[in-house]
2 protein chains.
Amino acid sequence: MSKLDKRRKEILWAIIQSHIDLNIPIGSILISQRFPVGLSPATIRNTMSKLEEMGYITQPHTSAGRVPTEKGYRFYVDTLMDEQTISINSDLTKELSERLSTITQDSDSLVKEATRTLSLFSRYLAIATPPKTEEILLKRIKFIKYENKKVLAVIISDEGVVKNKIIELDKIYTQKHLDMASNQLNCEFSGLTIRKVREKIAYQLYKEKTMCDQLVANLLYLCKDIIPLENDDFSLNGLSGTSNLPDFATMKQIKEIFRAIEDKRFMLKLLQLISESKGTQVFVGMENIFPAMSELSMVVSTYTKNKSVGGAVGIIGPTRMNYKKMISIVDHTAKALTQILSET
Amino acid sequence: MSKLDKRRKEILWAIIQSHIDLNIPIGSILISQRFPVGLSPATIRNTMSKLEEMGYITQPHTSAGRVPTEKGYRFYVDTLMDEQTISINSDLTKELSERLSTITQDSDSLVKEATRTLSLFSRYLAIATPPKTEEILLKRIKFIKYENKKVLAVIISDEGVVKNKIIELDKIYTQKHLDMASNQLNCEFSGLTIRKVREKIAYQLYKEKTMCDQLVANLLYLCKDIIPLENDDFSLNGLSGTSNLPDFATMKQIKEIFRAIEDKRFMLKLLQLISESKGTQVFVGMENIFPAMSELSMVVSTYTKNKSVGGAVGIIGPTRMNYKKMISIVDHTAKALTQILSET
DNA sequence: GTATAGCACTCTTCACTTGAGAGTGCTAAT
DNA sequence: ATTAGCACTCTCAAGTGAAGAGTGCTATAC
């Protein structure tokens, strides 16, 4: 990895900055005009030639200006951008927090509202995963007599009701009987994460451990299907906005985004990525991660609720985007979300 | 309203049919070749001239063939199409039913799966509203002690759990106390529709009727916010497919669809429309109904669950679409949905 | 009187050309 | 090492012209 000297960094920065602003290939003369760096176009050309050789920029055709490559953007985000102070639009932060705090409902609605706000501010496609259910701590399981053999099973966590479903038993039980059974189950499972509960149920069913109570065994079997699996859904917002943007103007990109959205594997990839590390991450030119999404970038951050439970929130936009601004917006959205979710 | 004679009907039918198949302006020679109707292009031209005068077809420019107008399509759907037997692709129907019957979950998931299947078969944008909550019959309200002052309120209907929420009371009550309160509320509200329950609650709170029990009054007040409002959400599916179709090729239309999707008022319009009448309806060129959706048509049908409760399901596509096929698909989806929802 | 063949006319579409403009790389001079 | 000058390449936009499609009109046949 050959390092770039000061001049090359400056020129690269100038090219990327100009390209973000103007969305056209950037020529040497343009740079010399926009940035009074004291160099003639010819000198800039020499530097650009080197930068192209090193793979940071490229030209669409022989007589065009230079356009940053994915590598160039990557370098920009990693190195060049940090050198400036990331100034945060403070009124934006304020409005963001205000918007979110008006939503007093469950965390799912909150996350949805976050995507709405995010797409509004970013003018790109906002995406978010709901809080992971896997790591939620189970508080109690409750069975309520519903009608004859039918019983309403309710799974409750710290966060509230996680899931409920009407199940049908083999015969009619009294509410008292059900209460005893649920007590027994609670003793065993209360305080564990949803994931561990599922594992434990599977284990117990596998061992066919003789239960002291037939009803408990029965309920255990039925609960297997009720314990919620990982949420395979995600919110997104800002579709209508995206089609207005100049960068999204090509059908190709529109299609790519649609594919990505409807392909649920994308979601899994995303989850994997966010779970690996915390904080705001930038994926430039996503073809390594998700083949259909070349020419697109993603700025994504994680939010948490009670330390461990959390999800991801971010935006998808063209590779050519204002990373500085976007990182700031996403970062603050994630922070605001974390804050409000922790208040409850 | 001048009626069309047999020949004009035939020519109009031929034009529309050809336009649906080929998606190009239809000229007189093309018609004479595709349909050996025994007329020369010249004669067909004369007829076409008349049809244009009457507003059923139009030409994009002087030397182009004719394209059906909205009026033309309207006439086609109303009159010309019925004259053929609407043959149903029976294996399609079968697969449709099979796909839906694999989903054994709640009705919301079922409706979502229906949109997925619908978009798959139609290759257009599928849209559906979940079952209306307003007309659901309340079965019982249940309060479960949760933690100190916190109580889990569960609203149960014939269909299962409608909504649940954790509420906080002013002081600590015993479960027995809560059971008594819920019994009292059940006596009053059980068997009414959700809408009537809400109205009744509002009325009682307005009158500030002295309750025999402070707890009941308290719960009543809290329930006001729990009783679910009309669902303002709707499923849709098939976005990625739409951008592949030749008709959706223009950005203008893509934008229109996005606008329509994100504008929730559209949803309300849709609900109004479906509630007016039952059965499959076709809206050709929707600018009267929804200004942003010119150049788009909608085929929509209603499904029911237990006679009264239901929603709408349909597709949105270009004005130039295969109405016969689409009506068949939508119709069968609605029927299949009704059937499966009634089995529970 | 109705249907048809012929024909002139209009308009789009596409390929091709051309000139302007932008940007580069090379070379020679500072 | 930097820069001015210059030839070169390539895109883009506008213009041109031929081909093709389709119509409307008119005269003619049945």
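No experiment lies behind these values; they were computed from the predicted model shown. The sequence lines fix the lettering, A, B, ..., with proteins before strands; numbering per chain opens at 1.
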When rounded to whole Å, the NE2 to C1' distance for the pair B/His19 and D/dG22 reads 15 Å
Would the distance check show the side chain of A/His332 and the main-chain N or O of A/Ser328 forming a donor-acceptor pair, the cut-off being under 3.5 Å?
yes
Which residue, B/Ala42 or B/His61, contacts DNA chain C at a nucleotide closer to its 5' end, judged by nearest heavy atom?
B/Ala42
Determine whether a donor-acceptor pair (one donor, one acceptor, N or O, separation below 3.5 Å) exists between the side chain of A/Ser63 and the base of D/dC10.
yes
In whole angstroms, the gap separating P of D/dG22 from CZ of B/Arg34 amounts to 13 Å
Is the distance from OP1 or OP2 of C/dT10 to the nearest side-chain N or O of B/Thr62 less than 4.0 Å?
no
Of A/Ser28 and B/Asn46, the one whose closest nucleotide on DNA chain C sits nearer the 5' end is B/Asn46
Nearest-angstrom distance from the residue atom CD1 of A/Ile11 to P of C/dG23
15 Å
Heavy-atom pair with the smallest gap, counting every atom of B/Tyr323 and B/Ser297:
OH-OG, 2.9 Å
Between C/dT4 (P) and B/Ile29 (CD1): distance, integer Å
14 Å
Specify the separation, in whole Å, of atom CD1 of B/Ile24 and atom P of D/dG20.
16 Å
Counting only side-chain heavy atoms from C-beta out, which of C/dT24, D/dT23, C/dT4 sits nearest to A/Met48?
C/dT24
Atom-to-atom span, CD1 of A/Ile44 to C1' of C/dG25 - whole angstrom:
15 Å
Looking at the rings of A/Tyr73 and A/Tyr56, which for Trp means the six-membered one, are their centres under 6.0 Å apart?
no
Among D/dT9, C/dT24, D/dT3, which is the nearest nucleotide to the side chain of A/Leu39?
D/dT3
Of all the choices, D/dC10, D/dG24, C/dA3, which nucleotide is nearest to the side chain of B/Arg45 once you look at every atom?
D/dG24
Hey, is the side chain of A/Arg66 poking within less than 4.0 Å of OP1 or OP2 on C/dT24, counting only N and O atoms?
yes
Rounded off to whole Å, could you give me the CD-to-P distance for the B/Glu52 and D/dG24 pair?
7 Å
With no hydrogens and no angle check, just 3.5 Å: does a side-chain donor-acceptor pair link A/Arg8 and A/Thr47?
no
C/dT2 C1' sits how many Å from B/Lys6 NZ, rounded?
17 Å
Between A/Arg66 (side chain only) and A/Ile57 (backbone N and O only), is there a donor and an acceptor less than 3.5 Å apart?
no
